[in-house]
Amino acid sequence: CMDYRGKRMVKILVGVRAGDTRGLIKIYCGTRLALQPKRLGDETPSSPGKAHKVLGFLHNKDKRPSAHDYTRIKDVDEEGRIKTAATYKTYPLACILPVVHRGRNNAQTFVQLNAAIPNEFYIKEPTDGQFHLGESVNFHLLPVGEERLFHLQLRSPSGQQYKFVYQPADQGYILRHPVKERGAWIIVYHTDTDGWLPIASYNCV
């Protein structure tokens with residue numbers, strides 16, 4: 001969602017499996033549903049020397065976590081993918097629309113947004129969730145319904161951090177960066193309560 005000339009506008013990108021020509025679009029909207037946190041009693045006891053994850057960050061007294069350990073970032077799985085997508089668990093189901101595809105197949109993989117973060121972001125580019133090694137990528141994000149400034153970073157698979165620049169013209173955040181590592185590239189932003197949270201995750205092949 002984004003603000004367009006004072007009104008809310010929604011852009012929907014639909015991806016289906018290769019060979020499928022029909023599908024259903026499920027639209028979730030309304031008040032965000034409270035996600036059920038894990039209770040401390042649900043966690044399995046950790047053995048000596050085993051890492052223990054607290055609030056999305058990895059802590060290990062015996063050895064330092066490797067640079068490719070994406071579990072240090074909250075709401076991201078072991079492969080660097082966003083864990084929480086918009087479903088009936090995050091937003092109420094508003095409607096279901098049938099769709100039919102009559103054009104040629106497109107192998108594009110859309111970027112997955114994190115539905116668990118307290119703020120809403122709109123990704124103008126890139127919408128393709130997959131990069132090629134050596135590609136120079138333009139990132140452009142807009143916060144929805146927010147007037148305060150955020151600190152955004154792009155984090156590489158090796159843990160390098162690259163800051164976004166605020167653009168007053170459209171109140172967006174931009175960054176141009178060459179992708180020189182294979183793996184998950186994650187856009188994160190800083191919150192006052194939970195620290196750094198992921199907005200979206202890309203994959204470089």
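Keep in mind it's a predicted model, so treat the numbers as computed, not measured.
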Enquirer: Before giving the answer on side-chain contact (heavy atoms from CB on, under 4.5 Å), spell out for H132 and V205 the whole-Å C-alpha distance, their side-chain angles and the decisive distance to 0.1 Å.
Expert: CA-CA 5 Å; H132 294 284; V205 295; 3.9 Å; yes
Enquirer: Closest heavy-atom contact between L133 and K180?
Expert: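 Closest heavy-atom pair between L133 and K180: CD1-C, 3.4 Å.
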Enquirer: Could you tell me which residues satisfy ring pair (Phe, Tyr, Trp, His ring centres under 6.0 Å) with H190, sequence neighbours excluded, listed by chain and number?
Expert: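 Ring pair (Phe, Tyr, Trp, His ring centres under 6.0 Å) check on H190 returns W196.
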Enquirer: Do V100 and I25 sit in the same hydrophobic cluster, where Ile, Leu, Val, Met, Phe, Trp and Tyr count as joined when their side-chain heavy atoms come under 4.5 Å apart?
Expert: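 As far as the 4.5 Å side-chain criterion goes, I25 and V100 are not connected within one cluster.
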Enquirer: Which heavy atom of L24 sits nearest to which heavy atom of P98, and what is that distance?
Expert: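 Scanning both residues, the minimum pair turns out to be CD2-CA, 3.8 Å.
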Enquirer: Closest heavy-atom contact between P198 and I186?
Expert: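 In this case the closest contact between P198 and I186 is CB-CG2, 3.8 Å.
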Enquirer: For R182 versus P157, what's the shortest heavy-atom pair and its separation?
Expert: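 Looks like O-CG, 3.4 Å.
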Enquirer: Looking at CG of L97 and CD1 of I27, how far apart are the two atoms once the value is rounded to the nearest 0.5 Å?
Expert: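 One gets 4.5 Å once the value is rounded to the nearest 0.5 Å.
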Enquirer: How long is the straight-line distance from CZ of R176 back to CG of L154, given to the nearest 0.5 Å?
Expert: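 It is 13.5 Å, given to the nearest 0.5 Å.
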Enquirer: Rounded at 0.5 Å granularity, tell me how far CG in L141 sits from CD1 in I174.
Expert: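 One finds 11.0 Å between CG of L141 and CD1 of I174.
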Enquirer: Distance check, rounded to the nearest 0.5 Å: K124 atom NZ versus Y173 atom OH?
Expert: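 Nearest 0.5 Å value for the NZ-OH distance: 14.5 Å.
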Enquirer: Is it possible for you to say whether I117 and L149 belong to one hydrophobic cluster, with membership spreading through side-chain heavy-atom contacts below 4.5 Å?
Expert: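 Both belong to a single hydrophobic cluster.
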Enquirer: Ring-plane angle category for W185 and H177, please: parallel below 30°, perpendicular beyond 60°, tilted otherwise.
Expert: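 The arrangement is tilted - the two ring planes meet at 30° to 60°.
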Enquirer: Which heavy atom of L175 sits nearest a heavy atom of K163, and at what distance?
Expert: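 In terms of heavy atoms, the two residues are closest at CD1-O, 3.5 Å.
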Enquirer: Flag yes if V165 and I199 sit in one hydrophobic cluster, no otherwise; membership is Ile, Leu, Val, Met, Phe, Trp, Tyr, and two members link when side-chain heavy atoms are under 4.5 Å apart.
Expert: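 Shared cluster, no.
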Enquirer: Verify the cluster assignment for Y166 and Y189: are they in a single hydrophobic cluster under the rule of side-chain heavy atoms below 4.5 Å apart?
Expert: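 Same cluster.
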Enquirer: Looking only at the aromatic ring of each residue, does the gap between the centers of F150 and F121 stay below 6.0 angstrom?
Expert: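 Yes: the rings meet the under 6.0 Å criterion.
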Enquirer: Between CD1 of I187 and CG of N114, what distance do you get to the nearest 0.5 Å?
Expert: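 It comes to 12.0 Å.
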Enquirer: Do Y162 and F139 have ring centres separated by under 6.0 Å?
Expert: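 Distance test on ring centres: not under 6.0 Å, no.
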Enquirer: At what distance, to the nearest 0.5 angstrom, does NZ of K26 lie from SG of C95?
Expert: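 Taking NZ in K26 and SG in C95, the distance rounds to 12.0 Å.
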Enquirer: Work out which heavy atom in G183 is nearest to a heavy atom in N203; give both atom names and the distance.
Expert: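 Result for this residue pair: O-OD1, 3.3 Å.
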